[in-house]
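A short worksheet on the structure shown next.
Order of the sequence lines fixes the chain letters, A, B, ..., with proteins taken first and strands second; residue numbering starts at 1 for each chain.
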Number of protein chains: 2
Amino acid sequence: MAIEAGDGELVTAGSGAAAPTTIRDASPADWPGIWSFMRSILAAGETYCWPVGSSEDDARAWWMSKPYGRVFVAVATGGEIIGTAEVHPNQPAQGSHVAGAGFMVSPAAAGCGVGRALAEHVIEAARADGYVAMQFNAVVETNAAAVALWKSLGFAVLATIPRAYQHPAFGLVGLHVMHRKL
Amino acid sequence: MAIEAGDGELVTAGSGAAAPTTIRDASPADWPGIWSFMRSILAAGETYCWPVGSSEDDARAWWMSKPYGRVFVAVATGGEIIGTAEVHPNQPAQGSHVAGAGFMVSPAAAGCGVGRALAEHVIEAARADGYVAMQFNAVVETNAAAVALWKSLGFAVLATIPRAYQHPAFGLVGLHVMHRKL
């Protein structure tokens, strides 16, 4: 899944050796670990607007090289990368004070609060970087875990673009525009 | 201005020598004519999320080279380019059946219905190209003429992202997400 809301458990990043997950800025060397789960998430075609057959290079450029973007990883105690997030200006220039962001969690780590920990870290980082709000342009409405997570973190659905996403199982479904102040 | 609603006059494209404006697909050779008015619209910084000091090359790539994009020009009887529009998939892949679009009209041609003629042409072209809806992600709410034009053409404001645009005169103003079926 592309993001999961966990079971309510809060995984705190950077709280010492006992913490199951550490969130940190990504480096280029993290890409293979990111791709190890991103490829299956993109191939499923259920959560992102992204060509399912596109190449690893395209995915890397898309995720890792957004203008003025910043990429994070969630790292398990064993060193395995189990989640990633990226934050970037949702619009350039006159709109660049509002962040956009994307999140993916390894299906193998689903239900452990990794998505929530990533989201809380990214929200704090975005605030520290000067963004005043965060906006998601295209949350697939059938991605219930993601929608629930964002709502629990203070995001509101400002609009649902009707029939804007071609879901492989459900056909044309809506895309939520979600937003919160930082 | 970036788009103008005209005075209600409908300029019909391609209706013969008497028509004041013809709308057609753009060619690379049209760029200097487009840039002649685009530069002042972008420099004003009131209607698009675009760095006001960016180069002509950047603007050309942004307007003329969107993935799967199509560019149009409005041409006066004397051959002068007085407006332009571009249409492209608002999202890739699973979202590519919804069009996004941008419009600019030369300030020298404001109030003559050029924006409306362009919009009607682009809506028809987008429908013919297979798009099922059109979405604008970021219509500056203070751009009253544009908002009125889109509403008159069947677009609805699905959401207004609060304080999402740094306007040089009005400060932080909202960005409308507007949408209509095709």
Residues 54-71 of chain A vs chain B, non-hydrogen distance cutoff under 4.5 Å, contacting residues -> none
Between B:Thr160 and chain A, with a heavy-atom cut-off of 4.5 Å, which part of the residue counts as in contact: side chain, backbone, both or neither? backbone
Cluster link B:Trp35 to B:Trp50, ILVMFWY, side chain under 4.5 Å: yes
Check the hydrophobic clustering (I, L, V, M, F, W, Y; side-chain heavy atoms under 4.5 Å; chains of links allowed) and say if B:Val122 and B:Val147 are grouped together. yes
If you tally heavy-atom pairs under 4.5 Å against chain B, which of A:Ala133, A:Ala164, A:Pro168, A:Pro162 wins? A:Ala164
Same cluster (ILVMFWY, side-chain, under 4.5 Å), B:Leu182 and A:Leu175: no
Between B:Val140 and B:Val157, is there shared hydrophobic-cluster membership here, with clusters defined by ILVMFWY side-chain heavy atoms closer than 4.5 Å? no
Under 6.0 Å from the CZ atom of B:Arg39, do we count more than 12 heavy atoms belonging to anything else shown? no
Drop me the distance from B:Leu172's CG to A:His97's NE2, to the nearest 0.5 angstrom. 4.5 Å
Any donor-acceptor pair under 3.5 Å from B:Gln94 side chain to A:Glu46 backbone: no
How long is the span from the CD1 atom in A:Ile161 to the CG atom in B:Leu158, to the nearest 0.5 Å? 5.0 Å
Nearest 0.5 angstrom please: B:His179 NE2 to A:Arg163 CZ, how far? 10.0 Å
Please tell me whether B:Leu149 and B:Val139 are part of a single hydrophobic cluster in this structure, the criterion being side-chain heavy atoms less than 4.5 Å apart. yes
Scored by heavy-atom pairs under 4.5 Å with chain A, the best of B:Ala159, B:Ala93, B:Cys49 is B:Cys49
